[in-house]
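Below: one structure, written as structure tokens.
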Amino acid sequence: MKPSVLVALRVFPEVVARLREHFEVETNDADADWPQAELIARLQGQAGAYITGAQRIDAALLAACPQLRAVCSMAVGYNNIDVPACTAHGVLVSNAPDVLTETTADFGFALMMATARRITESEHYLRRGEWSKWSVDLFAGSDVHGATLGVLGMGRIGQAIARRGALGFGMKVAYHNRSKLDPAIEAELGARWVNKEDLLRQCDHLVIVVPYSAASHHLIGAAELALMKPTATLTNIARGGIVDDAALADALRRKAIAAAGLDVFEGEPAVHPGLLTVPNVVLTPHIASASLPTRMAMAQLAADNLIAALGCGPNKGRPPTALNPEVLGTARLA
Ligand code: GLV
């Protein structure tokens, strides 16, 4: 008998078809975000869960789903999954890194540029029919080329953004990260490590790409925003909760910083009302990795992981991007 798996979100039909070659598949075609109790109920008897960043996989769910053997996410960020608890329960976890790096960096850069050059604010003005004449400082923003790019979190996506800034736009790159880059990469990017406070003080355009965790909750709040230049911009493509959205809305309203570009929000899909009423912010609905080829690659990578984790397909027993490969070969997966 084929193992059964739950696909907790709507994914591409080709991906579901691939999963059906190996598994009995229950899908979420309505794409509803199931409440936690319903997710647990639907996972009863399922060997695998195919998820993204919106489903919470915690110790209570694992205890209630003793048949679960693999949780495979099509997101790169996995702050919604308690990986140590999964490991303790012998449940394999995978995410979807690498395939989205360049697409997400393109978007981060685009959002930063739209923010610096006030693109959505000026478009709204035009659409409202308010444009009557050319004028010398109409929507004059700040330059990107030659400016100082501050990258907070210098992982794969941070480096891809820094590369765009340094090599494409002649930006000076400063970064802050727990660990310093390899000196050869620092040299390629002309990037220098600085402490968080200096990064905030020095940068013209801050781009946030750190993973969310208890340690990065409100990493940027009122005190940090107060260190930034009044001409600076802040772009967040990482996770809601890293920036204190209430403090950011207040800083934008007071023009304590010039503008912000936000793809992620605390408590999304809700958006802090203060952010909806200030003009100097570009808002997008968590779409940084959303080019069609990349979303397909992410979805297929999650399927590759699930198929391999549950002992099927060419990578049988070797899920390509497992986060806790130490559980392979333990009782649940054997
Ligand atoms: C998107 O936010 C992801 O983590 O893939």
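Each ligand, and each atom within it, is numbered from 1 in the order the structure gives.
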Self-check item: Residue pair Tyr175, Val194: steps toward the side-chain contact (heavy atoms from CB on, under 4.5 Å) verdict
Solution: CA-CA 6 Å; Tyr175 74 98; Val194 290; over 6 Å; no
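Here's the thing with Gly77: one of its N/O atoms is less than 3.5 angstrom from an N/O atom of ligand 1. The N/O atoms of Val76, backbone and side chain alike, include one that comes under 3.5 Å of an N/O atom in ligand 1.
Proximity annotation for atom 4 (O) of ligand 1: of Met74, Arg239, His286, Arg239 comes nearest, heavy atoms only.
At a 4.0 Å heavy-atom cut-off, ligand 1 touches Leu100 through the side chain alone.
Annotation for ligand 1: atoms under 4.0 Å from non-hydrogen atoms of Met298 are 5 (O).
Salt-bridge formation is detected for the pair Glu121/Arg118: a Lys NZ or Arg NE/NH1/NH2 atom is positioned less than 4.0 Å from an Asp or Glu carboxylate oxygen.
Counting heavy atoms of neighbouring residues, nucleotides and ligands inside a 6.0 Å radius, atom CG of Leu126 exceeds 12 of them.
Of the possible donor and acceptor atoms, one in the side chain of Asp82 sits under 3.5 Å from a partner among the backbone N and O of Ala85.
No side-chain heavy atom of Thr284 sits under 4.5 Å from any side-chain heavy atom of Leu262.
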